[in-house]
Amino acid sequence: MKNPKMLFAIGAFFILGLAFGIGAKLYKNNQAKKFSFMARDNASTFVRDYAPKKGADDAQVYLVEFFDPECESCRKFHPLVKSIMSEFEGKIQLVLRYAPFHANSVFAIKILEAARKQEKYWETLDILYEHQDVWGGHHDPKPELVWNYLPKAGLNIDQLKKDMEDPKIIENLEQDKKDGELLAVQGTPTFFVNGKPLEQFSYQALRDAVAKEITP
């Protein structure tokens, strides 16, 4: 006859081990959910090392936006994306990728990338969107007028014009185009939340998709 105390000890040990195993699995699942996106084999298709980024370095959510600085819808979504970044500060990183579908897109992209060398990327993006209807109006674009607005960002314009000719800009842009084609990007803005395409094109859908990926 087995010792009751021994049976109790064995049972308690089994239960404790089971609880530990379940706890470890839950922790592992939570950690996997938190870090799984950047651990994916295809994560670089969404997040290239050279891409402009803003937000948490250890983000739970990577919001990838394929955009065109001459796109009116991109301009309209710009403050909405800022709102989402503010709401989920510390848990989200915005990654910008280029999808040049308009006549003056490459010109504007060169300006942005040259401004990045002066650490004025985000200020320059704000200015391009603010005056987009003038320099990039679809019916009567006047791209040369953009030079009237860029000094507001505190840019060295002479240096900017030199840096715009850096061949690396076009090289990276071509990679963005290839990744966009691979991801079936056919218009702008196109959003991916931890690699998942936005199912409905609206601010609320984008905000909800981000919130869904946030773990407590």
Side-chain angles (χ1 to χ4, degrees), residues 26 29-40 42-48 51-102 104-105 108-109 112 116 121-139 153 173 176-216:
L26 288 173
N29 287 341
N30 284 337
Q31 290 298 95
K33 183 176 181 182
K34 182 176 180 180
F35 298 112
S36 62
F37 172 66
M38 288 306 291
R40 292 181 193 173
N42 69 335
S44 63
T45 307
F46 298 91
V47 184
R48 294 290 175 182
K53 303 175 182 69
K54 190 174 188 178
D57 291 331
D58 58 345
Q60 292 186 38
V61 178
Y62 287 82
L63 174 58
V64 180
E65 178 185 357
F66 280 82
F67 83 107
D68 182 335
E70 198 176 4
C71 163
E72 293 180 355
S73 294
C74 296
R75 174 174 58 83
K76 291 176 181 178
F77 258 85
H78 185 56
L80 304 180
V81 171
K82 280 187 173 183
S83 175
I84 291 172
M85 293 295 295
S86 177
E87 180 180 357
F88 298 103
E89 185 177 1
K91 299 179 180 180
I92 185 171
Q93 183 175 108
L94 173 65
V95 182
L96 295 185
R97 307 294 302 278
Y98 298 117
F101 290 124
H102 295 86
N104 299 294
S105 302
I109 288 168
L112 283 169
R116 181 143 66 127
Y121 184 91
W122 302 100
E123 297 92 334
T124 303
L125 181 59
D126 286 343
I127 287 172
L128 288 179
Y129 278 143
E130 181 183 352
H131 302 284
Q132 184 197 78
D133 58 335
V134 177
W135 68 264
H138 295 172
H139 299 295
L173 179 56
D176 278 7
K177 289 180 181 178
K178 290 178 183 178
D179 289 340
E181 290 173 2
L182 187 64
L183 297 171
V185 174
Q186 298 179 342
T188 53
T190 293
F191 295 99
F192 296 90
V193 180
N194 279 354
K196 302 169 186 174
L198 191 63
E199 294 181 359
Q200 295 181 338
F201 188 69
S202 71
Y203 164 73
Q204 193 61 48
L206 180 59
R207 188 263 171 208
D208 290 347
V210 170
K212 187 177 179 180
E213 295 292 314
I214 301 291
T215 56

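Here the structure is a predicted model, which means the values were calculated and not measured.
Taking the six-membered ring for Trp, F201 and F77 have ring centres closer than 6.0 Å.
The shortest distance between side-chain heavy atoms of F192 and F66 falls below 4.5 Å. Under the 4.5 Å side-chain criterion, counting only non-hydrogen atoms from C-beta, V81 is not in contact with K54. Looking at heavy atoms from C-beta onward, H102 lies in side-chain contact with C71 at the 4.5 angstrom threshold. Taking the side chain as every heavy atom from C-beta outward, F101 and Q186 never approach each other to under 4.5 Å. Within the 4.5 Å cutoff, no side-chain heavy atoms of L206 are placed close to those of L80. A heavy-atom distance below 4.5 Å is found between the side chains of H131 and I127.
When every heavy atom of A59 is checked against every heavy atom of I92, the shortest pair comes out as CB-C, 3.7 Å. The minimum heavy-atom distance linking L96 with A51 is given by the pair O-CB, 3.5 Å. D176 and Y98 make their closest contact through OD2-N, 2.8 Å (heavy atoms, listed as atom of the first residue, atom of the second, distance). S73 and P189 get closest at one heavy-atom pair: CB-CD, 3.7 Å. Of all heavy-atom pairs spanning P100 and K177, the tightest one is CG-CE, 3.6 Å. Between Q60 and E213, the shortest heavy-atom distance links the atoms OE1-O, 3.8 Å.
In this structure, Q200 CD and L198 CG are separated by 8.0 Å, a value rounded to the nearest 0.5 Å. Once rounded to the nearest 0.5 Å, the distance linking CG of L112 with CG of L128 reads 5.0 Å. The distance from the CG atom of L63 to the CD1 atom of I84 is 6.5 Å, given to the nearest 0.5 Å. Atoms NZ and CZ, on K53 and R48 in that order, are 10.5 Å from each other to the nearest 0.5 Å.
For the pair D68 (side chain) and T188 (backbone), a donor-acceptor distance under 3.5 Å is absent. In this structure a side-chain-to-backbone donor-acceptor pair under 3.5 Å is missing from E65 to L94. For R97 (side chain) and F46 (main-chain N/O), a donor-acceptor pair under 3.5 Å exists by modelled atom type. Listed for the D133 side chain is no donor-acceptor partner under 3.5 Å among the backbone atoms of E72. Distance alone, capped at 3.5 Å, is enough to place a donor-acceptor pair between the E70 side chain and the N104 backbone.
By the 6.0 Å and 45° rule, R116 stacks over the aromatic ring of Y121.
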Next item on the list: Take F88 and V61 through the test side-chain contact (heavy atoms from CB on, under 4.5 Å) and record every step on the way to the result.
Entry: CA-CA 9 Å; F88 298 103; V61 178; over 6 Å; no
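Test F67, Y129, W122 against H78 for ring pair (Phe, Tyr, Trp, His ring centres under 6.0 Å) and you get one pass: Y129.
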